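We number each residue from 1, following the sequence as shown. In this text the structure is predicted, and so the values were computed from the model without any measurement. Just follow the structure's listing: the first ligand is 1, and inside any ligand the first atom is 1.
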Amino acid sequence: MFHKVLIANRGEIAVRIIRACRDLDVVPAVVYSEADRASLHVRLADEAYLLGPALSSESYLNIGRVIDAAKSAGADAIHPGYGFLSENADFATACAEAGIVLIGPPVESFGLTSDKSQARVFARGLDIPIVPGTCAPLTSSEEAVREARSLGYPVLLKAVAGGGGKGVRLVQSESGMQAAYEIAGSETRSAFGDASLYLEKYIAEPHHIEVQVLADHIGNAICLGERECSLQRRNQKMLEESPSPFLDETLRRTMGDAALRVVRSSGCTGAVTVEFLVDAERHFYFLDMNARLEVGHPVTEAVTGLDLVCEQLRIASGAPLTLSQERVPVRGWALGCRICAEDPDHALAPSPGVIRSLREPQGPGVRLDSGIYRGWEVALHYDSMLTKLTTFGNDRAMAIARMHRALGEYRIAGIKTNLPIFAEVLSTPEFLAGDIRVGLFEEVQRRFEKTRAVSPSLFKAHALAAALAYADATDSLFHAQDEEKESSWKLSGRPGFLAAFRR
Ligand code: ADP
């Protein structure tokens, strides 16, 4: 096993990796930007190295500075987490040149994980269905028009170097192609430094389902089931669950086999995810693959009992897998919500600020991966995701009930978060029935915003009336006034309050 690992990331994922290092008796060293001096990952690590100013290009995306930090630390490996440099081929090369192990795919396989058109060609070569569309990067808007004509509208323009839902643009008809091509190209260049685009047929109401695989250096690979990631906002996953309520056993096995075939043939090792779209008729199509830790990995950990980060570290240090496919212990159900500093009353715009008070959910079946603490300031420089809340139960109903409980306990004050949207989503008949659509999260958010915008004063009046009526019945509430206790007015929003009042 490694002696010291440099964690080239920040926030909840850096904290998550520090914990795995501790469990394996590996020394965790981290990097940070000037904006992150007081961040939780810096406080929890054994060593911390300043990279530079807040701007990502000056800090977390700066290959030279990260490599220098790893050398100063004497780290034998770098864990890049997700995002930032985790899929950057130049970074992988720099690590190899510096003699430092990168916990990720081998340099030779990088193209397959960072270039979607290469990945499509590769999957097609294995006879795995891909979303109909082009493979080679488009060279002009005229070519895009020609290809779209033969595919049939609507189509999606997508970034070859895409990731995180960025660089995906819907084109409904030929008249919109030229403008869409130009806008998508320039967006993609600024996001990924590469303007290459390709085309995919638009699949209506798709399910985004990804299969988690672990693979070692001697050809063993096991499948750890799937994550249903169809609840999205702007093509970014907001809630994950495992298993997917949409798959039956036959399709689960077929997709699992396809994923294993892709991973084995690619030469990728460690934690590898193969992403698929599944259409309404349950045809599945390969989307892409990632040989890095996925944001949604805790739901897989919950249903398998495995620690994926420890597995990554073991595999990267050369150890073989000890678990065979037959012994993968998949059981129960898990849900994971991505809690972000976003204002639910204003189209989920980023909501920076100081966290004034914090009450974190606990109890059976609840896990919190957090990068925050009370008094810490959420800055605008980075992704708005603060924590990941995961719940587990013997079945889906229990995982949902526990998520409701956990969301109800969770209080983050001082900034706005998307917590209330999750509570609403989990109450919709569609979600409860397992009928998860890509657009559901945004629909609920718009409804939420509209209801609150129609009459904020009416909401306040209801809360006031409820609190007064309740206080009248039990005036004990008015005695709970010390700092940590919430005011009676706030308590009027408790889920159980109205029920108690009705009695
Ligand atoms: P990224 O790698 O940037 O996350 P993906 O290819 O994984 O991009 O796609 C992100 C999301 O965009 C998908 O989960 C899905 O909601 C939507 N999407 C992508 N391709 C298609 C498609 N061909 N048809 C319909 N929706 C799609």
Side-chain angles (χ1 to χ4, degrees), residues 82-84 86-88 110-124 128-135 137-138 144 147-148 151-172 180 184 187-194 196-212 226-241 244 246 255 259 262 272-296 338 383 385 436-443:
Y82 52 71
F84 291 127
S86 63
E87 288 174 291
N88 186 310
F110 246 86
L112 292 180
T113 57
S114 58
D115 178 323
K116 288 176 184 250
S117 52
Q118 264 194 53
R120 281 165 64 77
V121 173
F122 181 74
R124 197 178 50 185
I128 290 168
I130 58 173
V131 184
T134 60
C135 282
L138 297 164
E147 294 286 352
L151 279 174
Y153 286 90
V155 294
L156 286 183
L157 277 170
K158 294 177 74 171
V160 168
K166 295 192 190 86
V168 179
R169 187 162 279 264
L170 179 63
V171 191
Q172 296 280 9
E187 272 175 7
T188 315
R189 182 178 287 108
S190 62
F192 306 108
D194 170 7
S196 309
L197 300 170
Y198 68 102
L199 268 182
E200 271 182 13
K201 173 97 186 133
Y202 176 71
I203 311 279
E205 293 293 342
H207 278 255
H208 181 124
I209 293 174
E210 57 189 32
V211 178
Q212 180 68 58
E226 77 279 356
R227 289 184 289 268
E228 164 73 65
C229 312
S230 302
L231 209 80
Q232 301 182 353
R233 171 171 177 257
R234 296 200 198 120
N235 298 319
Q236 279 181 305
K237 302 157 193 169
M238 297 308 298
L239 181 149
E240 276 109 346
E241 66 177 292
S244 161
F246 188 65
M255 288 172 65
V262 171
V272 191
T273 301
V274 184
E275 302 193 348
F276 297 98
L277 285 187
V278 186
D279 69 15
E281 282 77 46
R282 291 173 204 268
H283 298 123
F284 72 91
Y285 307 95
F286 169 91
L287 259 190
D288 60 16
M289 67 187 288
N290 300 313
R292 54 162 170 84
L293 192 58
E294 285 282 344
V295 181
R338 302 186 184 191
D383 192 271
M385 195 177 80
I436 301 158
R437 290 174 294 111
V438 167
L440 185 62
F441 190 91
E442 292 185 28
E443 278 166 32

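Below 4.0 Å from some heavy atom of Leu277 lie the following atoms of ligand 1, by number and element: 20 (N), 21 (C), 22 (C), 23 (N), 24 (N), 27 (C). If you number the atoms of ligand 1 from 1 as listed, the ones under 4.0 Å from a heavy atom of Asp288 come out as 2 (O). Numbered from 1 in the order shown, with element, the atoms of ligand 1 that lie under 4.0 Å from a heavy atom of His208 read 7 (O), 13 (C), 14 (O).
Using a 4.0 angstrom heavy-atom cutoff, Lys201 counts as in contact with ligand 1. Residue contact check for ligand 1: Lys158 places a non-hydrogen atom closer than 4.0 Å to it.
Not a single donor-acceptor pair under 3.5 Å links the side chain of Arg234 to the backbone N or O of Glu442. Checked by atom type and distance alone, the side chain of Thr134 never pairs as donor or acceptor with a backbone atom of Tyr198 at under 3.5 Å. When atom types are taken as modelled, the side chain of Asn290 and the backbone of Arg292 share no donor-acceptor pair closer than 3.5 angstrom. When atom types are taken as modelled, the side chain of Lys116 and the backbone of Ala159 share no donor-acceptor pair closer than 3.5 angstrom.
At the top of the distance list for atom 17 (C) of ligand 1, counting protein heavy atoms only, stands Asn235 OD1, 3.6 Å. Nearest protein neighbour of atom 16 (O) of ligand 1, counting heavy atoms only, is Gln232 OE1, 2.7 Å. Nearest to atom 7 (O) of ligand 1 among the protein's heavy atoms is Glu275 OE1, 3.2 Å. The closest protein non-hydrogen atom to atom 2 (O) of ligand 1 is Lys116 NZ, 2.6 Å. In this structure, atom 18 (N) of ligand 1 lies nearest to the protein heavy atom Leu156 CD1, 3.8 Å. Of all protein heavy atoms, the one lying nearest to atom 3 (O) of ligand 1 is Gly165 N, 2.6 Å.
A side chain to side chain donor-acceptor pair (under 3.5 Å) with Arg227 holds for exactly one of Glu240, Glu294, Glu210; it is Glu210. Each of His208, Met238, Arg437 was evaluated against Gln232; a single residue qualifies, His208, per the side-chain contact (heavy atoms from CB on, under 4.5 Å) test.
Considering each of Asn290, Ile203, Val131, the one bringing a non-hydrogen atom nearest atom 25 (C) of ligand 1 is Ile203.
No more than 12 heavy atoms of other residues, nucleotides or ligands shown are found within 6.0 angstrom of CZ on Arg189. Atom CZ of Arg282 sits in a crowded spot, with more than 12 heavy atoms from other residues, nucleotides or ligands closer than 6.0 Å.
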